[in-house]
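In listed order, ligands and their atoms are each counted from 1.
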Amino acid sequence: MPHITLGETQITCPDGEVLLDSLLKAKLHIPYSCRQGLCQACMLRSLDVTPPAAAQIGLKDTLQRQNYFLACRCHPEQDMHIALPDQHGAAVTAVVINKQWLAADILRLIVQADSALSFYAGQFINLQRTDGLTRSYSIANLPAPDHTLEFHIRRLPQGQFSTWAHDELEVGDTLTLSHAQGSCHYLSGNPAQPLLLIGTGSGLAPLYGIINDALNQGHSGDIHLFHGSRDPDGLYLVDELHNLTATFANFHYTPCLSSADNNLGYRQGRAHDLALTNQKSLKGWRVYLCGHPEMVRESQRMAYLKGASLRDIYADAFVVGGGQMP
Ligand SMILES: Cc1cc2nc3c(=O)[nH]c(=O)nc-3n(C[C@H](O)[C@H](O)[C@H](O)COP(=O)(O)OP(=O)(O)OC[C@H]3O[C@@H](n4cnc5c(N)ncnc54)[C@H](O)[C@@H]3O)c2cc1C
């Protein structure tokens, strides 16, 4: 059983257990969130041996070469001396400057970073509480001169971070922000390319940012947004999005309700079914998919079968992993 040393502490990591679980069982203070290698919140650094290759998948080459690895993906093969990462990229402090409810369970959280943070609207950031609890949230706004960032946080029943953010986090409180990650953002350089954006629930957050970025940059191709929810409460920013359709002829918005209880004139059905089933071809389109992991997976497959190139499909599955404490 490999021995793992972190600072003054030495633990063992049993066969079949990921290092993150062993570290958390030993009550070590390791940030983590999705536990699936996506959010990179649990990144650590090996100070001696090369980490297992599987624990470095998804990290930038530069980080891999410096022996950074993800604890949630690491089955140690030998003894390791490890350390919490240095401040790779920007990690900044931000103060909460506004809280507003966009729907009963969707909080619009506006924070102001204490220094400039480089990001594209639609990327995600790991937000960390003072006690280390960390979760990923997508950025819904464009970079602003006052360093403000907007997040849409959906309340999950018994969700540690989201219920705390809704109920206890106050204007004036501080959070630590990681550097921005992910490739789900607008790409300039092909302004006539048609865009299809499909999101469920707070999956609208990155899409709202991407749409505003595209329109702001004068994107001339058609932009189609399908936003889905089970019930009307989950559809938010409806007026703002309708206003955008009135201002930009190339922007098209379809709010979709999957429950039968739909007397509000919204399209009836699941957003990705409505967006993709009758679509003849997505050859040459760029597709953005954000929200429920199952919807994202199914839509990726459908979009590919409709002709979208894999390199033109950008997806952020809102994987929820924090509940599985060892
Ligand atoms: C790339 C990325 C981007 C994201 N962007 C957004 C975004 O923009 N907006 C957004 O709202 N979310 C987003 N998420 C999801 C977000 O990171 C959190 O996972 C989410 O808010 C839930 O965190 P939580 O701490 O509230 O819930 P957790 O405490 O992590 O719990 C998750 C769920 O598990 C349940 N649970 C907890 N403990 C247990 C247990 N012991 N047994 C069984 N079930 C349990 C809870 O009831 C809850 O429903 C994103 C995720 C990723 C990976």
Side-chain angles (χ1 to χ4, degrees), residues 20-21 24-25 30-43 58-59 70 72-73 99-111 119-141 149-169 175-185 197-212 227-230 233-237 288-297 300 314-326:
L20 177 62
D21 285 345
L24 293 175
K25 277 182 185 165
I30 309 295
Y32 67 95
S33 180
C34 79
R35 291 170 168 271
Q36 298 192 29
L38 294 174
C39 72
Q40 302 185 1
C42 64
M43 183 156 63
L59 295 184
L70 301 177
C72 72
R73 288 292 193 194
K99 283 179 75 174
Q100 180 198 356
W101 275 264
L102 297 169
D105 67 351
I106 305 278
L107 165 68
R108 177 188 250 159
L109 179 72
I110 311 278
V111 303
F119 69 87
Y120 293 104
Q123 286 191 293
F124 70 92
I125 274 185
N126 293 323
L127 304 190
Q128 191 176 74
R129 229 165 53 172
T130 46
D131 67 355
L133 183 72
T134 306
R135 295 289 182 267
S136 312
Y137 293 99
S138 307
I139 311 167
N141 67 321
L149 293 106
E150 171 177 334
F151 304 98
H152 301 168
I153 300 183
R154 188 161 80 92
R155 178 199 288 275
L156 286 191
Q158 280 96 50
Q160 291 178 81
F161 196 102
S162 60
T163 53
W164 169 79
H166 275 251
D167 298 341
E168 292 172 53
L169 180 65
L175 291 164
T176 302
L177 312 187
S178 73
H179 61 295
Q181 301 173 60
S183 55
C184 204
H185 58 80
L197 304 98
I198 307 172
T200 50
S202 52
L204 181 61
L207 303 184
Y208 193 63
I210 292 165
I211 289 163
N212 279 301
H227 182 214
S229 169
R230 190 169 307 142
D233 246 10
L235 293 175
Y236 63 96
L237 293 175
Y288 294 95
L289 309 165
C290 297
H292 198 285
E294 249 170 59
M295 180 283 288
V296 167
R297 257 194 309 275
Q300 272 173 319
Y314 297 85
D316 260 346
F318 284 8
V319 173
V320 168
Q324 308 151 18
M325 282 289 288

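- Not one N or O of Asp316 is nearer than 3.5 Å to an N or O of ligand 1, by distance alone.
- Remark: Glu168 CD is packed, more than 12 non-hydrogen atoms of other residues, nucleotides or ligands lying under 6.0 Å away.
- At distances below 3.5 Å, not a single donor-acceptor pair connects side-chain atoms of Tyr32 with backbone N or O atoms of Thr134.
- The minimum heavy-atom distance linking Gln40 with Gln181 is given by the pair OE1-OE1, 3.2 Å.
- Within the structure, the closest approach of Phe124 to ligand 1 falls below 4.0 Å when heavy atoms are considered.
- Ligand 1 places these atoms under 4.0 Å from at least one heavy atom of Pro157: 46 (C), 47 (O), 48 (C), 49 (O).
- Residue-level proximity to ligand 1 for Ala317 is carried by the backbone, the only part with a heavy atom below 4.0 angstrom.
- Annotation: Phe161 places an N or O atom under 3.5 Å from an N or O atom of ligand 1; distance criterion only.
- Within a 6.0 Å radius of OH in Tyr314, more than 12 heavy atoms belonging to other residues, nucleotides or ligands are found.
- In Tyr137, the parts holding a heavy atom less than 4.0 Å from any atom of ligand 1 are both the side chain and the backbone.
- Residue Arg135 has at least one N or O atom closer than 3.5 Å to an N or O atom of ligand 1.
- Of the N or O atoms in Ser33, none lie within a sub-3.5 Å distance of an N or O in ligand 1.
- In this structure, the salt bridge (Lys or Arg N to Asp or Glu O under 4.0 Å) partners of Arg155, at least two apart in sequence or on a different chain, are Asp167.
- With sequence neighbours left out, Asn126 forms a side-chain hydrogen bond (donor to acceptor under 3.5 Å, both in side chains) with Ser136.
- Below 4.0 Å from some heavy atom of Ile153 lie the following atoms of ligand 1, by number and element: 11 (O).
- Heavy-atom proximity to Val320, at under 4.0 Å, picks out these atoms of ligand 1: 19 (O), 32 (C), 33 (C).
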